[in-house]
Amino acid sequence: MVGLELVVLLGVALLVCRMAAVRSGLAAPVLQLGAGVLLGFLPALREVELPPEAVLLLFLPALLYWEAMTSSLQEIRRNLRGIVLASTALVVLTAGAVAAAVHAMGVPWGPAWVLGGAVAPTDATAVGVVGGGGARPHPMVGYADGRVE
């Protein structure tokens with residue numbers, strides 16, 4: 001598939017997901033994930049590949065910059081204890097749950113814990129987008145995101 005056609009197709013998919021999210025009340029990233037899975041089944045899109053360097057150099061800095069600019073250092077300092085406790089407990093519980101699930105599939109405990117540790121850390125951008133979709137997000141979203149109002 002030609003580059004311009006791919007960009008147009010992905011742009012239309014993003015717009016459709018956003019409109020469906022507004023109408024259904026679901027988070028747009030959840031619908032985008034589903035759309036991405038469905039688009040992956042199209043034969044023309046099976047060969048599309050995004051180099052990891054592109055994500056590292058183009059997308060990640062923009063996301064991290066936005067999170068840094070919209071976070072309040074005063075709010076983080078005021079709620080530091082809750083943020084540290086919640087983030088530590090959630091990461092450890094997620095790592096343990098992933099390790100147990102992977103071990104149940106037949107993987108030894110060592111590699112299962114490595115996989116659990118790799119997928120457990122909370123992505124602040126994802127938490128803010130998925131959890132903070134409403135007019136006033138739940139306070140735990142603020143803890144996980146690093147900013148509490």
Side-chain angles (χ1 to χ4, degrees), residues 1-72 75-76 83-84 86-149:
M1 180 171 274
V2 180
L4 182 59
E5 293 172 346
L6 178 64
V7 169
V8 169
L9 177 66
L10 293 178
V12 168
L14 288 173
L15 288 173
V16 168
C17 287
R18 179 65 183 158
M19 290 187 307
V22 169
R23 288 181 185 226
S24 68
L26 292 172
V30 173
L31 295 176
Q32 291 168 359
L33 178 67
V37 169
L38 292 175
L39 287 174
F41 286 115
L42 294 176
L45 296 178
R46 288 189 184 162
E47 299 298 322
V48 174
E49 186 175 319
L50 181 65
E53 296 83 13
V55 174
L56 186 63
L57 294 174
L58 297 176
F59 301 117
L60 189 60
L63 292 173
L64 292 176
Y65 179 76
W66 174 253
E67 288 300 320
M69 295 306 293
T70 58
S71 296
S72 168
E75 294 292 330
I76 292 172
I83 291 170
V84 170
S87 64
T88 304
L90 290 174
V91 169
V92 169
L93 286 173
T94 304
V98 170
V102 170
H103 180 69
M105 290 185 230
V107 177
W109 276 111
W113 275 106
V114 170
L115 181 63
V119 300
T122 305
D123 177 15
T125 303
V127 168
V129 169
V130 173
R136 181 126 175 112
H138 192 276
M140 285 307 292
V141 172
Y143 281 131
D145 196 14
R147 57 178 190 250
V148 178
E149 298 172 7

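Just so it is clear, the values below take in all heavy atoms, side chains as well, and ignore hydrogens, waters and symmetry mates.
For the pair His103 and Pro108, the tightest heavy-atom approach, listed with the atom from each and the gap, is ND1-C, 4.0 Å. Between Arg46 and Phe41, the shortest heavy-atom distance links the atoms NH2-O, 3.1 Å. Taking every heavy atom of both residues into account, Ala21 and Leu26 meet most closely at CB-O, 3.3 Å. Smallest separation of non-hydrogen atoms from Trp113 and Ala99: CD2-CB, 3.7 Å.
Between the CG atom of Leu4 and the CG atom of Leu9 there is a distance of 11.0 Å, given to the nearest 0.5 Å. Note that OG1 of Thr88 is 10.5 Å distant from CG of Leu93, once rounded to the nearest 0.5 Å.
When the side chain to side chain contact (heavy atoms under 4.5 Å, CB included) test is applied to Leu42, the partners found at least two apart in sequence or on another chain are Leu39, Leu45.
A side chain to side chain contact (heavy atoms under 4.5 Å, CB included) with Val102 is found for one member of Val114, Val119, Leu115 and no other, namely Leu115.
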